[in-house]
Amino acid sequence: MSEFNNNKNRWYFGVATGVMSMCLTGVSVSESLAQSAETRVLPPVSVDAPQQRARVAPAARTRSAPQRAARVVPRQTTERPPAPVAPPTTMGSTRTIGTPAPAYAGGQVARGGTLGLLGSTNVMNTPFSVVNYTSQLIENQQARTAADTLINDASVRTSTGSNGFDDTFVIRGFPVNATDVGLNGLYGLSSSQRIPAQIIERIELLKGPGALINGIAPSGTVGGAINIVTKRATETDFSRLTPFFMSAASYGLHLETSRRFGANKEWGVRFNGVGRNGEASIDDGNFRSGIGALAIDYRGERFRWTLDAISQNDDTDNFRPQISLLSTLTSIPAAPDARSNWYPGTKLRQRDNTIATAAEYDLTDWLTAYAGVGYRDGTNDQTFPTSTVAVNALGNFTVQNNYYDSYTKTVSGNAGFRSQFDTGFINHKVNVAYTGFYQEAGNAYIQGNRAASNIYNPSPLPSVTLPRTEPRLASESTLTSVAIADTMSVLNESVLLTLGVRRQNVKVDSFSTVTGAFTSGYDASATTPLAGIVVKPWHNVSLYANYAEGLTRGTIVGAGYDNVGDVLAPYKSKQQEAGVKVDWGLITTTAAVFQIARPSEIRTAGGVLGSLAYDGEQRNRGIELNAYGLILPNLRGMVSATFLKPELTNPSDPTQRGNDAAGVPDKTFSASLDWDTPWVQGLSLNGRVIYTGSSYLTTANTVKFPDWTRLDIGARYTTTALTGKPVTFRANIENVTGENYWLTTGTYVTVGAPRTYILSAAFDF
């Protein structure tokens with residue numbers, strides 16, 4: 001798909017696609033009506049009575065005439081082609097392209113999802129902790145990005161607020177950058193900042209290291225893996241127009257259309273176009289966004305194919321900032337007003353264009369070959385202020401204004417074979433896979449002047465007198481791997497044993513953005529194993545355990561550190577986990593204990609900003625409790641709790657051995673309810689509570705950030721009285737009480753989003 005140059009072009013494209021789809025649908029409806037009319041004038045079907053009686057057994061001769069007449073109907077219906085039937089779900093098969101796993105009771109979470117090397121798998125058969133959120137939940141909570149949905153799980157938090165530079169997640173106490181979010185099973189193809197909710201069909205969350213399952217994450221994720229499944233054309237054709245409003249004065253329009261074509265609806269087209277403009281959650285700010293996403297798919301008897309083309313263009317004035325606090329603080333300064341910007345005058349321009357395709361072919365009934373490849377081109381141009389003297393207890397700091405412009409060009413792909421067969425009484429699901437990832441990244445970091453400021457009364461940004469330059473090559477990363485996994489099951493899947501191994505190679509080269517000369521690099525390989533087991537003492541109870549290792553690419557140090565551009569060494573991470581899942585029919589409950597270990601990252605003292613470096617090991621041990629489903633016939637709910645001990649096992653400072661890692665809360669809770677009211681048909685109410693416990697400012701564990709609680713409420717009303725087709729009105733309030741609180745990874749902090757009103761009306765036509 002050609003690049004969208006501006007919002008107007010994307011709207012033209014979206015309208016044209018919608019009109020074309022509706023016209024083609026009209027043609028198919030007309031043809032269907034014509035065929036129906038023709039069948040009404042067909043001559044009557046004659047019945048050879050003597051032959052019919054000759055086939056009937058003697059006992060059947062006593063049947064009445066109406067019963068014999070009824071037997072003629074099948075011969076009449078054979079004159080018509082069979083009606084198209086929705087394809088079966090991919091769950092449990094060798095396919096991953098097609099109808100996803102069905103929703104669980106309540107519709108907010110799916111029964112399974114795609115799990116990389118393990119294919120499309122039922123949650124109860126998976127030896128990992130996984131959650132698969134549906135588009136129904138995303139729409140009813142009025143999420144803007146994937147982050148707004150993922151915080152429904154207590155093990156997931158964000159360290160950046162809405163309208164910030166990006167969505168950075170924290171899963172099981174470890175950071176997961178937006179660059180590590182997969183798109184239909186491939187890394188590096190989604191936006192490096194945020195994934196818009198309007199293109200998402202499913203959000204698949206795997207908690208724990210996913211290197212063997214999904215391949216090496218580009219930025220070194222170990223806490224978990226996030227995969228976005230994009231929307232495809234549904235079995236029922238529709239077009240939908242959704243105007244929306246978000247406080248303080250942000251307006252937008254979402255156009256969505258879905259059509260399937262062909263005798264068996266084998267071809268599908270789905271388009272999503274979004275335009276948005278206005279002040280969102282920062283005073284005197286502005287957020288302009290244009291999104292165009294086109295998805296085409298083909299579903300044949302043996303061959304399946306998909307194509308996704310996505311363009312995402314965002315322009316932000318006064319984006320939500322991040323800043324450093326002094327590590328020597330004896331008390332944490334109060335979080336400023338969430339609508340304020342202590343860096344007034346910042347600008348951020350982000351462009352992402354992706355095209356990706358995937359195909360599967362069933363070589364036999366038990367063997368499927370698959371392959372996928374995609375390309376993404378992304379750029380960021382931004383004002384990038386930093387606190388050269390960090391914030392003190394009174395909120396004072398020294399600001400230095402800078403430009404930090406960057407680009408990435410990424411190619412990502414995979415290929416392999418999935419099979420399912422028996423050897424005696426043992427069933428095997430074997431997957432052999434290759435993954436490849438290449439990314440060229442460049443930047444231009446231009447330093448400006450400094451000035452004194454305060455987070456409660458910020459000064460204007462100082463000038464940048466040096467000329468702005470084009471980004472130049474900074475690094476090249478090549479990540480490749482070959483893997484094999486076999487899930488063996490016996491006794492009708494009462495016992496499932498998964499064994500796998502992945503041979504991984506990480507090659508990273510770093511270059512000077514001034515001279516272009518090669519500065520450093522490494523080329524490392526490792527073989528990492530995986531083992532998992534599921535035992536079902538009863539059909540609805542799964543006891544599971546797993547052990548996984550992963551090779552992680554060393555961090556490429558970004559802006560905000562003195563050693564910006566350096567490449568840290570690759571490292572191995574390890575996880576052990578055990579748990580139990582119980583499906584009670586309408587409610588599923590899960591409990592897990594886990595341990596993940598990886599090198600600890602710290603900001604060293606000295607210099608201007610300090611340097612990013614490894615320091616010993618961080619070992620996170622925790623307990624997770626989850627429940628979701630249909631509590632009552634019209635009451636849906638989700639609740640989760642995580643208790644965590646993020647321990648430093650061997651830091652360079654022996655006095656800190658056993659201390660907690662900086663910025664990691666020891667407990668988190670998430671809970672939500674969605675209720676269809678009995679007194680007004682079509683009216684539903686919902687609410688959500690997000691709680692995050694306190695965390696330490698530094699590894700010295702002398703000062704803590706306070707805990708915080710966020711309350712969200714909402715309502716929706718669906719009716720057909722206005723247009724004869726469904727119209728859904730939604731209203732949500734996030735952070736109802738207007739809490740101001742810090743989001744932190746230690747000394748690097750931002751503030752959470754303020755009270756936010758979201759209104760929308762979805763018109764089907």
Side-chain angles (χ1 to χ4, degrees), residues 84-126 128 130-140 143 146 149-150 152 181-186 189-190 195 197-206 210 213-214 225-238 256 258-260 265-270 272 293 295-300 303-308 310 356-360 362 368 370 372 414 418 420 429 431 583 588 628-629 638:
V85 178
T89 175
T90 59
M91 188 174 66
S93 71
T94 58
R95 307 183 310 276
T96 58
I97 298 176
T99 304
Y104 187 69
Q108 298 180 319
V109 175
R111 291 183 176 275
T114 52
L115 199 59
L117 196 62
L118 302 187
S120 185
T121 309
N122 189 305
V123 168
M124 299 298 289
N125 291 345
T126 303
F128 297 94
V130 294
V131 185
N132 304 279
Y133 295 111
T134 67
S135 57
Q136 174 182 314
L137 175 68
I138 295 169
E139 292 170 0
N140 289 339
T149 299
L150 284 162
N152 285 293
V181 176
L183 186 75
N184 296 321
L186 295 176
L189 301 183
S190 61
I195 313 297
Q198 292 85 357
I199 73 171
I200 300 174
E201 180 63 33
R202 295 281 169 86
I203 303 177
E204 299 173 337
L205 170 65
L206 165 68
I213 298 297
N214 299 296
I226 301 167
N227 182 55
I228 301 299
V229 179
T230 55
K231 290 180 176 178
R232 302 267 176 247
T234 59
E235 297 305 308
T236 303
D237 295 344
F238 72 91
E256 183 171 19
S258 173
R259 296 289 181 269
R260 297 210 72 89
K265 294 188 175 184
E266 57 267 27
W267 287 96
V269 177
R270 190 158 183 176
N272 281 272
I296 302 173
D297 70 278
Y298 173 80
R299 305 183 313 207
F303 179 72
R304 295 166 297 281
W305 169 79
T306 64
L307 175 70
D308 286 278
I310 305 169
T357 186
E360 294 178 341
D362 298 333
T368 298
Y370 65 92
N414 63 11
R418 298 187 199 95
Q420 186 170 339
K429 294 180 180 178
N431 190 355
D583 184 349
T588 289
Y628 55 82
M638 294 185 294

How close do [X] and [Y] get, counting heavy atoms only, and between which atoms?
X	Y	result
Arg299	Arg304	CA-CG, 4.2 Å
Ala101	Gly112	CB-O, 3.4 Å
Met91	Pro102	CE-CD, 4.1 Å
Val181	Ser190	O-OG, 2.9 Å
Asn227	Gly185	OD1-N, 2.8 Å
Asn184	Val229	OD1-CA, 3.4 Å

With the side chain counted from C-beta on, respond yes when [X] and [Y] share a heavy-atom pair under 4.5 Å apart, and no when they do not.
X	Y	answer
Thr357	Trp305	yes
Val109	Leu137	no
Gln198	Glu256	no
Thr230	Arg232	yes

Would a distance-only check, ignoring hydrogens and angles, find a side-chain to backbone donor-acceptor pair under 3.5 Å from [X] to [Y]?
X	Y	answer
Thr89	Pro100	yes
Lys429	Leu118	no
Thr234	Thr236	yes
Thr134	Gly107	yes
Thr368	Arg95	no
Arg270	Ala233	no
Asp308	Ala356	no
Arg259	Phe238	yes
Gln136	Gly106	yes

[X] [atom1] to [Y] [atom2] distance, which is reported to the nearest 0.5 Å:
X	Y	atom1	atom2	result
Thr149	Ile195	OG1	CD1	12.0 Å
Ile199	Ser135	CD1	OG	12.5 Å
Asn132	Glu201	CG	CD	12.0 Å
Leu115	Ser120	CG	OG	9.5 Å
Arg202	Ile200	CZ	CD1	12.5 Å
Tyr133	Leu205	OH	CG	6.0 Å

- Item | Working for salt bridge (Lys or Arg N to Asp or Glu O under 4.0 Å), residues Asp297 and Lys231 | CA-CA 10 Å; Asp297 70 278; Lys231 290 180 176 178; over 6 Å; no
- Asp583 and Tyr104 side chains, donor-acceptor separation under 3.5 Å: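 Yes, a side-chain donor-acceptor pair sits under 3.5 Å.
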- Checking side-chain contact (heavy atoms from CB on, under 4.5 Å) against Phe128, which of Val123, Thr121, Leu206 comes through?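 Running side-chain contact (heavy atoms from CB on, under 4.5 Å) over Val123, Thr121, Leu206 with Phe128 returns exactly one hit, Leu206.
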- Identified side chain to side chain donor-acceptor pair (under 3.5 Å) partner of Glu360 from the options Thr306, Thr94, Thr96, Thr90: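 Among the candidates, only Thr96 passes.
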- Measure the acute angle between the ring planes of Tyr298 and Phe303, then classify it against the limits of 30° and 60° as parallel, tilted or perpendicular.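 Tyr298 vs Phe303 ring planes: tilted.
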